[in-house]
Amino acid sequence: MRIGVPKEVKNNENRVAMTPAGAFNLKSAGHEVFIQKGAGLGSSFTDEDYIAAGAKIVETAAQAWEAEMVMKVKEPVASEYGYFSEGLILFTYLHLAPELELTKALLDKKVVGIAYETVQLPNNSLPLLAPMSEVAGRMATQIGAQYLEKTQGGKGILLSGVPGVSRGKVAVIGGGQAGTNAARIAIGMGAQVTVLDLSVDRLRQLDEIFGNDIQTLVSNPFNIAESVRDADLVVGAVLIPGARAPKLVSEEMVKSMKPGSVLVDVAIDQGGIFATSDRVTTHDEPTYVKHGVVHYAVANMPGAVPQTSTTALTNVTVPYALQIANKGFKQACLDNLSLQKGINTLEGHVTYKAVADAQGIEYVAAETLLNK
Ligand SMILES: NC(=O)C1=CN([C@@H]2O[C@H](COP(=O)(O)OP(=O)(O)OC[C@H]3O[C@@H](n4cnc5c(N)ncnc54)[C@H](O)[C@@H]3O)[C@@H](O)[C@H]2O)C=CC1
Ligand SMILES: CC(=O)C(=O)O
């Protein structure tokens, strides 16, 4: 199969969908890999590194998009929709629930849209989302701590406190991959940490992992309101796979926070969990202030630490890409039901229920189309 890897175009997106090691794996299995010139530079991979691994360098994005399968990191932006073509396999993060225009463009061109974030193992875990959630979760606390500094617009507190002075309070809403990693860093920094999750089983696991270093609370409007009001930093890390994120923190709750408190809405890529996360921000302009509270809502947080993120991402994506390339997407998805769950668009239909529901578009099961 011919596999194309364009350079990422989102603001400060320095990741790339394939390392030279990944290109070597695909090439060794008999496939051709086309990397857009300079696509790896943000992650410190040169064109020469790719050539040495057996890939070919192409000059333009259009040439990379001519392949049978295109691998990307981020969901395409409007300037990339023109590259879509019927039957193209697009393997990338898609986050379609809040992105009606992108969904329509994929449906119009009958692109096979396989979303990293909805590939799901039988135990319900999301193996192609997990490493980036680990990165973004860890970053969330680091970034939140920075914006709590007075010089950055925050209230001017140090999360760890010092002897004789209270520690800062961090509330993490959603105790999955991102939330657990945010909590881990917050504990390491010496903050008082509360994690809220809907799943008591998950809270039980967190209690086993962190013991008395965290307070666990069931997620309900009452507990969220109290935790948000008291927190210096709130991290939003809730996910219902494929769906638009629920707005769990109301505007009134945000208003109840002390001025200079900080919200990091990691879940912004699915629409965000704060009623006041009404826009997606970029690494160039990561924050805005609403009701005196600093909001950080960058949808590609791991793009800022590409040397860590690119390798972590491709470690998990390339084995699936190999299955698609070796068998063709149809057979690969029939053989591997976890990969099948990644199909969000196929033959002009939305094939992921939560996306169809979020957008009021008819849902058609991928299985039905694959077995035709
Ligand atoms: N902004 C960025 O750059 C990045 C964003 N993300 C996003 O972070 C979000 C979280 O992802 P993961 O941690 O991997 O998901 P996950 O599936 O591991 O965890 C989600 C957690 O939310 C919990 N949850 C569901 N409904 C809830 C509710 N009403 N209240 C509290 N908890 C609830 C679930 O029980 C689960 O524990 C996703 O939207 C993901 O796309 C991930 C990586 C990068
Ligand atoms: C998960 C995602 O969208 C990201 O890593 O940018």
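All ligand and atom numbering here is 1-based and tracks the order in the structure. As a basis for the values below, the full set of heavy atoms in this structure was taken, side chains included, without hydrogen atoms, waters or symmetry mates.
Side chain to side chain, Gln323 and Asn336 meet the donor-acceptor criterion of an N or O pair below 3.5 Å. Side chains of Asp335 and Gln331: a donor on one and an acceptor on the other come within 3.5 Å. Between Asn12 and Asn300, the side chains place no donor N or O within less than 3.5 Å of an acceptor N or O (distance only, hydrogens not considered). In this model, no donor atom of one side chain and acceptor atom of the other lie less than 3.5 Å apart for His291 and Thr276. In the model, Asp197 has no side-chain atom that pairs as donor or acceptor with a side-chain atom of Ser199 under 3.5 Å. Side-chain contact, Arg202 with Thr180: a donor N or O sits under 3.5 Å from an acceptor N or O. Glu285 and Thr282 share no side-chain donor-acceptor pair at under 3.5 Å. Counting only N and O atoms by type, the side chains of Asn11 and His283 include no donor and acceptor under 3.5 Å apart. No hydrogens or angles considered: a donor-acceptor pair under 3.5 Å links the side chains of Thr103 and Gln359. Donor-acceptor pairing under 3.5 Å is lacking for the side chains of His349 and Glu362. A donor-acceptor contact closer than 3.5 angstrom links the side chains of Ser261 and Lys155.
Listed by atom number, the atoms of ligand 2 under 4.0 Å from Met132 heavy atoms are 5 (O). In summary, the atoms of ligand 1 found under 4.0 Å from a heavy atom of Ala267, numbered by their order in the structure, are 39 (O). With ligand atoms numbered from 1 in the order given, ligand 1 contributes 3 (O) to contacts under 4.0 Å with heavy atoms of Asn300. Within ligand 1, the atoms closer than 4.0 Å to a non-hydrogen atom of Gln270 are 39 (O), numbered from 1 in the order shown. Near Pro302, with a cut-off below 4.0 Å to any heavy atom, the atoms of ligand 2 are 5 (O). Near His95, with a cut-off below 4.0 Å to any heavy atom, the atoms of ligand 1 are 41 (O). In summary, the atoms of ligand 1 found under 4.0 Å from a heavy atom of Gly175, numbered by their order in the structure, are 37 (O). Under a 4.0 Å criterion applied to the non-hydrogen atoms of Leu129, ligand 2 contributes the atoms 1 (C). The atoms of ligand 2 that sit less than 4.0 Å from any heavy atom of Asp269 are 1 (C), 2 (C), 3 (O). Within the listing of ligand 1, atoms 1 (N), 2 (C), 3 (O) sit less than 4.0 angstrom from a heavy atom of Val298. If you number the atoms of ligand 1 from 1 as listed, the ones under 4.0 Å from a heavy atom of Leu248 come out as 28 (C), 29 (N), 30 (N).
Leu239 CD2, 3.8 Å is the protein heavy atom nearest to atom 17 (O) of ligand 1. In this structure, the protein non-hydrogen atom closest to atom 30 (N) of ligand 1 is Ser219 OG, 2.7 Å. From the protein, the heavy atom lying nearest to atom 6 (N) of ligand 1 is Asp269 OD2, 3.2 Å. The protein atom (non-hydrogen) at minimum distance from atom 19 (O) of ligand 1 is Gly176 CA, 3.2 Å. At the shortest separation from atom 24 (N) of ligand 1 among protein heavy atoms lies Val238 CG1, 3.9 Å. The protein heavy-atom contact nearest to atom 10 (C) of ligand 1 is Ala237 O, 3.6 Å. If you check which protein heavy atom lies closest to atom 11 (O) of ligand 1, you get Ser133 OG, 3.5 Å. Nearest protein neighbour of atom 3 (O) of ligand 1, counting heavy atoms only, is Met301 N, 2.7 Å.
The N/O atoms of Gly179, backbone and side chain alike, include none that comes under 3.5 Å of an N/O atom in ligand 1. No N or O atom of Ser199 sits closer than 3.5 Å to an N or O atom of ligand 1. Between Ala178 and ligand 1, at least one pair of N/O atoms sits closer than 3.5 Å. Geometrically, ligand 2 and His95 share a nitrogen or oxygen pair separated by less than 3.5 Å. The distance criterion of under 3.5 Å between nitrogen or oxygen atoms is met by Gln177 with respect to ligand 1.
With a 4.0 Å heavy-atom cut-off, ligand 1 is reached by the backbone of Ala299 but not by any atom from C-beta on. Residue contacts with ligand 2, taken as heavy atom pairs separated by less than 4.0 Å, involve Arg15 solely via side-chain atoms from C-beta onward. The proximity of Leu129 to ligand 1, defined as any non-hydrogen pair under 4.0 Å, is limited to the side chain. With a 4.0 Å heavy-atom cut-off, ligand 2 is reached by the side chain of Lys74 but not by its N, CA, C or O. At a 4.0 Å heavy-atom cut-off, ligand 1 touches Ala136 through the side chain alone. In Glu117, neither the side chain nor the backbone holds a heavy atom less than 4.0 Å from any atom of ligand 2. With a heavy-atom cut-off of 4.0 Å, Val135 does not touch ligand 2 at all.
Ile173 pairs with exactly one of Val249, Asn223, Val266 by the side chain to side chain contact (heavy atoms under 4.5 Å, CB included) rule, that one being Val249.
The local environment of NZ in Lys27 is sparse, with at most 12 non-hydrogen atoms from other residues, nucleotides or ligands closer than 6.0 Å.
The cluster map of Ile, Leu, Val, Met, Phe, Trp and Tyr, joined by side-chain heavy atoms under 4.5 Å apart, puts Ile143 and Val262 in the same cluster.
Between Thr19 and Phe24 there is no side-chain heavy-atom pair separated by less than 4.5 Å. For the pair Ile3/Met18, a side-chain contact is recorded, criterion being any heavy-atom separation below 4.5 Å from C-beta on. Inter-residue side-chain proximity for Tyr81 and Leu102 is flagged as met; some heavy-atom pair is nearer than 4.5 Å.
Under the 4.0 angstrom criterion for non-hydrogen atoms, Ala299 is in contact with ligand 2.
The backbone N or O of Ala365 sits nowhere less than 3.5 Å from a side-chain atom of Thr351 that would complete a donor-acceptor pair.
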